[in-house]
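Input: a single structure, listed below in structure tokens.
Order of the sequence lines sets the chain letters (A, B, ...), proteins ahead of strands, with each chain counted from 1. Every value quoted in this text rests on a predicted model; they were computed, and no experiment measured them.
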Protein chains: 2
Amino acid sequence: MGQGKEKILQTALQEFSEKGYDGARIDYISKMAGVNKALIYYHFKSKEELFTAVINDLFEKAVSVSIEPTGTSVRENLIQVMEHFIDFLHSNPYFVKIMDQSVAQDRDIFQQLHRQNFFFEMVMGMYQLGVQTGECRKVDHPEDFVVSLLGAVYFYFSHHKAIRKFYGNISEEEVIVIRKKTMKDMISRLIFL
Amino acid sequence: MGQGKEKILQTALQEFSEKGYDGARIDYISKMAGVNKALIYYHFKSKEELFTAVINDLFEKAVSVSIEPTGTSVRENLIQVMEHFIDFLHSNPYFVKIMDQSVAQDRDIFQQLHRQNFFFEMVMGMYQLGVQTGECRKVDHPEDFVVSLLGAVYFYFSHHKAIRKFYGNISEEEVIVIRKKTMKDMISRLIFL
DNA sequence: AAAATTAAACTAAAAATTTAGTCTAATTAT
DNA sequence: ATAATTAGACTAAATTTTTAGTTTAATTTT
């Protein structure tokens, strides 16, 4: 395999994540990737198939970074998982963008990806374990708490462009540190005793 | 004035919010609105201008529902404002959708809308007042707490399609009640003493 | 040799935009 | 009063532009 295919996928990810499926231009991708347009159609049947390939490629690389918490308490593990989530969103801005583009319009490939539920289920499971071990307080609607927590983490990244200014002139790394601290605080106060 | 213009704006809001700017089709808007395509160009110079008109129209109607908390404590007021925010997002699904479409791609009209900051500034101001009156605890990075809270509220609505299933077979109104309760709980535990 | 890649011109369809004109109700001039 | 004029709302059809996708023949890489 030549390096063309990989370059096309990279560039297409960027283009799709910035412009969305409809806004993305094949001509532009070929120009940016420095390959001939015909090469794109040599490797991929259509724009739709290129998009699908981009998504699958992204998920393969993304989910391969799996999450195996190693702490000794539910609290520790939950915080580990959340920090991992924050790091992941921080280092994969295209992931967030293309996710949101695909949610906003609802592209069918998205309905098929069961990985969407994965994170929710995991956090939910950890909470339930915490209730069993007596570490977590019982709440009436844990699913709503989990959704709120995930939203609290996700929102900053998904609306980064609009939100970032509220943090002033510090580096992105510093923001990430603050975010982790806040989330730790939130988790502790919200669902632990 | 004929009823055409209003009908076009309504239909265009729906179309843009569902398909995004690039995915939206003038043909489809005219068909759905039951008007001739040329009428759209009679009222609006271009697709871009129609989009801008839709956004402005939406903001006018949306922000006219202003928020004047009437409680006697910062806590009460903050909760009132948040509940109002939840109600607003609940009853304006197009607003949320078109917001997210416009944030994802960054359409320039969006940078111009100062109303984006409005809600953040208000909540932030209320928190600072709470610190002065001794109702709220001091946190190192209040801006990050406010962003997190807003995210916790917003996320459910922006990712409604993907998230809704976690709540099971209850009515949307019931979910809203739960959401309000959760937010009240979160606010109390997170920033009040 | 086979696979990967380029170049550039091309097609067909889709979508945006324009044109040239109609219809109607209100306003103005006679 | 009534004829002339106007202004706004609207339409049908044509035009222009954009864009995905193709083709062909040649070149480079493995």
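Residues satisfying the salt bridge (Lys or Arg N to Asp or Glu O under 4.0 Å) criterion with A/K45, sequence neighbours excluded, are A/E49. Applying the salt bridge (Lys or Arg N to Asp or Glu O under 4.0 Å) test to B/E172 and every residue at least two apart in sequence or in another chain returns B/R164. A/Y41 pairs by the ring pair (Phe, Tyr, Trp, His ring centres under 6.0 Å) definition with nothing, not counting sequence neighbours.
Taking the six-membered ring for Trp and the full ring otherwise, B/Y21 and B/F51 have centroids separated by under 6.0 Å.
The interatomic distance linking B/L50 (CG) with C/dA15 (C1') rounds to 14 Å, in whole Å. The NZ-C1' distance, from B/K47 to C/dA14, rounds to 12 Å in whole Å. As a whole-Å value, the separation of A/K7 NZ from C/dT6 P is 11 Å. Atom C1' of nucleotide D/dG21 and atom CD of A/E49 are separated by 13 Å, given to the nearest angstrom. The CD1 atom of A/I8 sits 12 Å away from the P atom of C/dA4 (whole-angstrom rounding). Nucleotide C/dT5 holds its P atom 12 Å from the CD atom of A/E6, rounded to whole Å. For the pair B/E48 CD and C/dA15 P, the interatomic distance rounds to 18 Å; values are reported in whole Å.
OP1 or OP2 of D/dA9 lies within a sub-4.0 Å distance of a side-chain N or O belonging to B/Y42. For B/N36, a side-chain nitrogen or oxygen approaches OP1 or OP2 of D/dA12 to under 4.0 Å. Put simply, B/H43 has no side-chain N or O that comes within less than 4.0 Å of OP1 or OP2 on D/dG8. When the side-chain nitrogen and oxygen atoms of B/Y41 are compared with OP1 and OP2 of C/dT18, none of them lie within a distance under 4.0 Å.
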**OP:** Let me have a per-nucleotide readout for nucleotides 24-30 of chain D, 5' to 3', with B, S or -, counting only protein heavy atoms under 4.0 Å.
**Re:** -------
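Using a 4.0 Å cutoff on non-hydrogen atoms, the parts of residues 11-34 of chain A near DNA chain D are A/A24, A/R25, A/I26, ordered by number.
Taking only distance into account, the side chain of B/K37 meets the base of C/dT17 through a donor-acceptor pair shorter than 3.5 Å.
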Just distance, no hydrogens or angles: give the donor-acceptor pairs under 3.5 Å from side chains in residues 182-193 of chain B, sequence neighbours left out.
residue: B/T182; atom: OG1; partner: A/D144; partner atom: OD2; Å: 2.5
residue: B/T182; atom: OG1; partner: B/I178; partner atom: O; Å: 3.1
residue: B/D185; atom: OD2; partner: A/R137; partner atom: NH2; Å: 2.9
residue: B/S188; atom: OG; partner: B/K184; partner atom: O; Å: 3.0

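A donor-acceptor pair is defined here as one N or O able to donate and one able to accept, closer than 3.5 Å; such a pair exists between the side chain of A/R25 and the backbone of A/D22.
Side chains of B/D100 and B/H159: a donor-acceptor N/O pair is absent below 3.5 angstrom, by distance only. No side-chain N or O of B/T11 forms a donor-acceptor pair with one of B/E15 less than 3.5 Å apart.
Of the candidate nucleotides C/dT5, D/dT11, C/dA16, C/dT5 has the atom nearest to the side chain of A/L39.
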Original post:
When you look at B/Y127 and B/F145, which way does the side-chain contact (heavy atoms from CB on, under 4.5 Å) test go after all the steps?
Top reply: CA-CA 10 Å; B/Y127 167 76; B/F145 268 86; over 6 Å; no
